[in-house]
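Remember, predicted model here, so these are calculated numbers, not experimental data. The chain is numbered in sequence order, starting from 1.
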Amino acid sequence: MTGAESLLTVFSSTVHCIPNLQAVGNTTALPLLDLVVIIFYMLLSIAIGCRFYFKSRSADSFTNGGQSIPSLIIGLSIFGTYVSSISFLANPGSSFVGNWNAWVAALTVLPCTWIAARWFIPFYRSCGSVSAYEHLESRFGVWARVYGTVCYMLTQLARVGSVLFLLAIPLHHLFGWNIIAIIVLVGLATTVYSMLGGIAGVIWTDAVQSAVLIIGATVCAIVLPLSMPEGPGQLFQIAWDNNKFSLGGMNLDFTSRTFWVVFFYGTVINLQNFGIDQNYVQRYMTAKSESAAKRSLWFGSLLYMPVCAFFFFIGTALYAFYQARPDLITDPNLLEQIASGNGDGVFPYFIVHQLPPGLTGLLIAAIVAAAMSTVSTSLNGAATLTLTDFYTRFYRPKASDREQMRVLRIASFLWGLFGIGCALAMIHAKGILDAYWVLAGIFSGGIVGVFLLGIFTRVANSRGALAGMVAGVLVILWMTASSFNMIPSALSDWKCPLHNYMIIVVGTITVVLVGMIVSLLMPGPRTRKNRPQ
């Protein structure tokens, strides 16, 4: 699983691995040195974020950092936004039980970065709005802006909940720490510096967290080959003999997870990330200039590809390591989990049982870093849109700067509490939240096509965009129901045969095609402004 995978896929994977993670092994006492490393890191993150309190005293500085943040720091933040603790834990698990097929989505980062740098960044910088969805109103009407903003907020809320929950599960499983305490502690710590430091605090903290994450992944990628009984060559031999480096089948089969299915999936997801996601758009607006914003995106994207490869290499190396030393896995529950095709528990097990004190703390800090980066990004984006797309748009258009700052801080705090509550709800209500995430995936899929209609076409109008969005959501509903075996047996002939990675691809294409056709058949008022040149 890559950092570019959809929230729906991530949550589905998380839900299904929860029982296994809870069942694996006995708890292990964490050495004092490791505990000191983790506590020091969390305090450092809070201190860095809060340091920008006095530099985020206006609404503009809170939401765009005064457009003065260095491009290198923004690039590290973009990288941190792209990677989460889900990637840190799930990518090694994916390549441990399988191969490098999921890494194909990372290959689409380069063309999507070029598209974003060529069209999206100049477009957003020329519009001058920190909201990614404001231009939808001028293009298609207020319904499009509200729809896009609500979809973003719902998906970010559930994203925060799932990331906090997924972080708490392995820490609880490995060390016996209370799940509720972990969720509340990490959630509140991240909420505090997000609320006080604004986007500048979030970005600078992201930069530090990204550095910790990169160091942690690099250390493991180096330690594992050197730990092989017969040297690094043994690792590559075992992996090669078991086809662990395969990128998937090259045949044009869209019913299974082939190279091309993952490639098209990754393309749409990365266009969504770099082109319409508030988390990225807001970072474009914090740069000193358009060229600086482009450099930031290129730096973050180019950094992601090798680090993502490190994650998959770690999983492959873990497979070879435990093939050579099977005696080191002494937990029968972990062995049962591996036999069932779930490798998510292997990397945490290795961190605790094979790494020396100090390195264990560093790796756990890296996992916490990835989670805090994801959560802080989502909270700041949701607070920004609460102000720009609802409060000042519909309630108080002429709100003073002090009033706007009060709204931003209160919104940051409340979104943090909502995210913590969502994570706590997942402990006992995963069935309800599973359905919730399905709906979030459905609606977020529709908005991608609406954005493409608005930015890259002249003929599309409000009627066409609305019709396309409805048609796209219906198609996504049908394909999702087929993927989750929710189609009644009497209608089994109508079940979609495509792999579930194609849901957002087909849904997006449907929105664009239907939107274009309806706009041509039902001409109406349309604007030509707010389009990239």
I need the [X] [atom1] to [Y] [atom2] distance, nearest 0.5 Å.
| X | Y | atom1 | atom2 | value |
| --- | --- | --- | --- | --- |
| Asn270 | Ile115 | CG | CD1 | 10.0 Å |
| Cys220 | Leu318 | SG | CG | 7.5 Å |
| Ile447 | Thr155 | CD1 | OG1 | 10.5 Å |
| Thr205 | Ile73 | OG1 | CD1 | 10.5 Å |
| Gln323 | Gln237 | CD | CD | 13.0 Å |
| Ser210 | Leu303 | OG | CG | 7.5 Å |

So, applying side chain to side chain contact (heavy atoms under 4.5 Å, CB included) with [X], which one of [options] is it?
| X | options | result |
| --- | --- | --- |
| Phe321 | Leu235, Leu328, Val346 | Leu328 |
| Gln282 | Val130, Val202, Asp277, Thr377 | Val130 |
| Ile503 | Ile476, Leu498, Thr508 | Ile476 |

How about [X] and [Y]: do any of their side-chain heavy atoms sit closer than 4.5 Å?
| X | Y | result |
| --- | --- | --- |
| Ile238 | Met228 | yes |
| Gln278 | Leu385 | yes |
| Ile276 | Gln272 | yes |
| Leu247 | Asn99 | no |
| Val109 | Phe274 | yes |
| Asn279 | Tyr152 | yes |
| Phe123 | His135 | yes |
| Trp114 | Ser301 | no |

Listed partners of [X] passing side-chain contact (heavy atoms from CB on, under 4.5 Å), at least two apart:
| X | answer |
| --- | --- |
| Ile222 | Thr218, Leu226 |
| Ser77 | Thr81, Ile203, Asp206, Arg283 |
| Asn243 | Ser246 |
| Ala168 | Ile179, Ile182, Ile183 |

Side-chain ([X]) to main-chain ([Y]) donor-acceptor, under 3.5 angstrom:
| X | Y | answer |
| --- | --- | --- |
| Ser482 | Lys495 | no |
| Arg257 | Asn101 | no |
| Thr149 | Val146 | no |
| Thr113 | Trp298 | no |
| Thr258 | Asp253 | yes |
| Asn380 | Ser376 | no |
| Arg139 | Glu134 | no |
| Ser95 | Trp100 | no |
| Trp478 | Ile487 | no |

- [ ] Start with the C-alpha distance between Phe347 and Phe96, add both sets of side-chain angles, then the distance that settles side chain to side chain contact (heavy atoms under 4.5 Å, CB included), and finish with yes or no.
- [x] CA-CA 9 Å; Phe347 191 26; Phe96 179 89; over 6 Å; no
Task: Tyr133 ring center near Phe451 ring center (under 6.0 Å) - done: yes
- [ ] Please find out if less than 6.0 Å separates the ring center of Phe254 from that of Tyr501.
- [x] no
- [ ] Fit a plane to each ring of Tyr304 and Tyr82, take the angle between them on a 0 to 90° scale, and name the class: parallel (under 30°), tilted (30 to 60°) or perpendicular (over 60°).
- [x] perpendicular
TODO: Please state whether the rings of Phe263 and Trp260 are parallel, tilted or perpendicular, taking 30° and 60° as the class boundaries.
DONE: perpendicular
Which atom names give the shortest non-hydrogen contact between [X] and [Y], and what distance separates them?
| X | Y | value |
| --- | --- | --- |
| Thr316 | Ala239 | CG2-CB, 3.5 Å |
| Gly449 | Val512 | O-CG2, 4.0 Å |
| Val160 | Ser378 | CG2-CB, 3.5 Å |
| Val281 | Gly275 | CG2-O, 4.2 Å |
| Ala217 | Phe311 | CB-CE2, 3.8 Å |
| Ile121 | Ala117 | CD1-CA, 4.2 Å |

- [ ] Start with the C-alpha distance between Val475 and Ile509, add both sets of side-chain angles, then the distance that settles side chain to side chain contact (heavy atoms under 4.5 Å, CB included), and finish with yes or no.
- [x] CA-CA 10 Å; Val475 168; Ile509 294 173; over 6 Å; no
- [ ] Any pair with a residue in residues 364-373 that passes salt bridge (Lys or Arg N to Asp or Glu O under 4.0 Å), sequence neighbours left out, goes on the list, sorted by first then second residue, please.
- [x] none
- [ ] Any pair with a residue in residues 293-305 that passes salt bridge (Lys or Arg N to Asp or Glu O under 4.0 Å), sequence neighbours left out, goes on the list, sorted by first then second residue, please.
- [x] Glu290-Lys294
- [ ] Compute whether any side-chain donor of one residue and acceptor of the other, for Ser296 and Ser71, lie under 3.5 angstrom apart.
- [x] no
Open item on the list: Go through it in stages, so that I can follow the logic: the residues are Phe79 and Ile214, the test is side chain to side chain contact (heavy atoms under 4.5 Å, CB included), and I'd like the CA-CA distance, side-chain angles, deciding distance and then a yes or no.
Closed with: CA-CA 10 Å; Phe79 166 81; Ile214 292 169; 3.7 Å; yes
TODO: Begin with the C-alpha distance, continue with both residues' side-chain angles, and end with the deciding distance and a verdict on side chain to side chain contact (heavy atoms under 4.5 Å, CB included) for Val448 and Leu271.
DONE: CA-CA 8 Å; Val448 179; Leu271 284 176; 5.7 Å; no
